[in-house]
Structure formats: structure tokens, C-alpha cells
Amino acid sequence: DTWSLGVLLYELCSLRRPFEGKSLGELVMRISSGLYQALSAAVPGPRGILFEAQLGPLVGSMLIVDARERKAPRDVLRHPALQL
């Protein structure tokens, strides 16, 4: 689903998970909060700024906790940063 693809896109850009916890309960709480570190903070240097500018809004729209508010897969595929 869109949320899982958002997690994968975040990991591909930053080489780290958007949500981490020391226990399953902590991980669930972090995911449920929907809070994660911006790509510009997770990726050092100019690359992080570029990723945040190009992909930050897309990742953010994919990681929205409420599934009804997330981007639909067709909208994700139409995002300008993913056009070849």
C-alpha cells in the first residue's frame, strides 16, 4: 500500500528507517504518531536538502497515519519527481 511504499522511499533516500523503537510497543507508538525526521535532517549535506525539496512532500503525503488522507497510488506515480 501507499504507506509501505512511503517507508521504502524514505529508506532509499536516507538509508535509515523513518520509524524506530527499542521495543515493539515503542515502534507502534512512533508509527502511530506519524512523526519522523525530515529527509533534510536524515541525509547529510546538499543531498538531504535536494531530497527534502524534491521528495519530502511526496514522502509526507505517503506516511500520513490516516489511510483516507494518504495519496492514492495513481497520484504517487504522477508526482513530478517520479517522472522519467
Spacing of [X] atom [atom1] and [Y] atom [atom2] [to the nearest 0.5 Å]:
X   : Y   : atom1 : atom2 : value
H79 : Q54 : NE2   : CD    : 8.0 Å
L55 : L12 : CG    : CG    : 10.0 Å
S14 : E52 : OG    : CD    : 11.0 Å
S4  : M62 : OG    : CE    : 9.0 Å

Kindly work out whether a path of hydrophobic side-chain contacts (I/L/V/M/F/W/Y, heavy atoms less than 4.5 Å apart) joins [X] to [Y].
X   : Y   : value
W3  : V59 : yes
F51 : L8  : yes
L39 : I31 : yes
V76 : L9  : yes

Counting N and O atoms only, with roles assigned by atom type, does the side chain of [X] sit under 3.5 Å from a partner on the main chain of [Y], one being a donor and the other an acceptor?
X   : Y   : result
T2  : K71 : yes
R70 : L63 : no
Y10 : Q37 : yes

Pairs flagged by salt bridge (charged side-chain N to carboxylate O under 4.0 Å, His left out) wherever residues 34-49 is involved - sequence neighbours left out:
none
Locate the shortest heavy-atom distance separating V65 from S33; write the atom from each residue and the value.
CG2-C, 4.2 Å
Kindly assign one of parallel, tilted or perpendicular to the pair F19 and Y36, based on the angle between their ring planes and the thresholds 30° and 60°.
perpendicular
L82 side chain reached by L58 side chain, heavy atoms, under 4.5 Å:
yes
